[in-house]
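Note that the structure is predicted; figures quoted are calculated from it, not measured. In what follows, every chain begins at residue 1, and chains take the letters A, B, ... in the order their sequences are listed. Computed over heavy atoms, backbone and side chain alike; hydrogens, waters and symmetry mates excluded.
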Amino acid sequence: MALSTILETPGAGFNFDNAERNAALEGLFEGGQTPKPLKTGTTIAGVVFKDGVVLGADTRATSSDVVADKMCAKIHYISPNIYCCGAGTAADTEKTTDLLSSNLSIFSLNSGRNPRMVMAVNILQDMLYRYHGQIGANLILGGVDCTGNHLYTVGPYGSVNKVPYLAMGSGDLAALGILEDGFKHDLELEKAKELVQAAIHAGIMSDLGSGNNIDICVITKEGVDYIRPYQESEYKDDRKMKYKYRPGTTAVLTEKVVPLNLEVVQETVQKMETV
Amino acid sequence: MATRTIFHSPLRPVEDEQIVGAGFAPDVSSDYTTQAEVRAYQRESVTKGDKMNSRGLRSQLKDSVPVAGLCPQGAYGLQDSLRSGFTSIKNELLPSHPLELSEKNFQLNQDKMNFSTLRNIQGLHAPLKLQMEYRAARQIQRLPFLPSSNLALDTLRGSDECIGFEDILCDPAQSEVMGEPHMMVEYKLGML
């Protein structure tokens, strides 16, 4: 059905028509509150150790006061040597990291190399600055490339920090306390994993928006070890009953069978060329 | 008949306006303008040496970076509720979303910045040559209501190796609404 109100093909990308409509409707329903996009609480942390980077995250996704997902994956794949933890609006972090990963894989295919951390950080920074903080994504990028082991954080307005240890999300203060206390340069692998696990655990205990299991991702020059879950929560719900109904629970009252009489009208056989 | 003003720009070279015009001679003859008049307008614009091609003025104004940002369509700048729906006066002066203006002009602003940097580094010839290529690539289009892949323009810009939000969201090839072809052609030619 062709509309005569459309005089030009609509442009691709973000469409702001609804913002206009909302502004027009605001005047009509005075006093009504417009629904705001919901942020999910989280605790994510990262530590640079002797041979690489350890990233950790909790697995709870909340939708205001209800836990929406108990096993959500907050450590996203960017490239074989770079992984990214995301805090903030869940949809924004997903889409942004997906876009980054696609751009980097095009680059890898073109040049035949693994991308460097600084390239990922620059792409993210440009993308997030362009939208002036409207995309709510707080990201911790960790990776190993030919120049060494790096840990960066990118804020929603495009700010970048390069640090040896880091925590973000609503539980970051608790996690940062543990990291500040236990961090040393050139830690061993096991010590680093314990440190990150303790930090995320502190975040889970002290923050309502974080909880359930802990995921750990270890990135070294040899490869990536994505341990999911690294530690399961002790408070897993233990349901006493099963809520599935076995067949026969509801009684059948009447049954009527109507056979469909089909006859073959035409049959054509087309040979497929299989090489 | 609507009045048309033609801008003279003596610094720009005369282009071959017929690239867009010759691609489709409008078969639709509305009540107000005939084919002869359209051809006369095309000839006029070529001889006067202006840089505009035979598209109508109003559709081209929308491409330039606007000052106020959002002018309502329709005669005398009045709100055409039948065509554009509900709006408020505030919407016409200021955008209702902080990103609206900056997103609309993002590509233009990037290009301007890049060209001025290039001019400072390499001299005037570099951006001039590049802009000539961009202009040629931008003219490779189909009829106004058909989507074009803009392959040459993408290759020049380097955006054939990048994925952004404009490739994922609101893909014009999958839009749910379709425009009326005759009206879109008329709008493009400035007859509407």
**Top contributor to chain B contacts, counting heavy-atom pairs under 4.5 Å, from A/I106, A/N103, A/N110, A/L100** = A/N103

**Prompt:** Do you know which two heavy atoms are closest between A/A12 and B/E166, and how far apart they sit?
**Reply:** CB-O, 3.1 Å

**Request:** Walk me through it: do B/E103 and A/Y131 pass the test side chain to side chain contact (heavy atoms under 4.5 Å, CB included)?
**Result:** CA-CA 8 Å; B/E103 274 300 295; A/Y131 295 102; 3.3 Å; yes

**Request:** Might you work through the side chain to side chain contact (heavy atoms under 4.5 Å, CB included) test for B/F165 and A/M127, ending with a clear yes or no?
**Result:** CA-CA 10 Å; B/F165 285 113; A/M127 199 190 305; 4.1 Å; yes

**Prompt:** Which value, rounded to the nearest 0.5 Å, describes the distance between A/S102 atom OG and B/D167 atom CG?
**Reply:** 10.0 Å

**Asked** So which heavy atom on B/L99 is nearest to which on A/H132, and how close?
**Response** CD2-CD2, 3.8 Å

**Prompt:** Contact part of A/L104 toward chain B, heavy-atom cut-off under 4.5 Å: side chain, backbone, both or neither?
**Reply:** neither

**Fill in**
Looking only at heavy atoms, the pair that brings A/N15 and B/C170 closest together is CB-SG, 3.9 Å

**Message:** I'd like to know whether CG of A/L208 has more than 12 heavy-atom contacts from other residues, nucleotides or ligands below 6.0 angstrom.
**Reply:** no

**Complete:** Whatever's closer than 4.5 Å to a heavy atom in chain A on B/L146 counts as neither

**Prompt:** Under a 4.5 Å heavy-atom cutoff, which of A/R130, A/K95, A/Q134 has the most pairs with chain B?
**Reply:** A/R130

**Rounded distance (nearest 0.5 Å) linking atom CG of A/L99 with atom CD1 of B/I168** = 4.0 Å

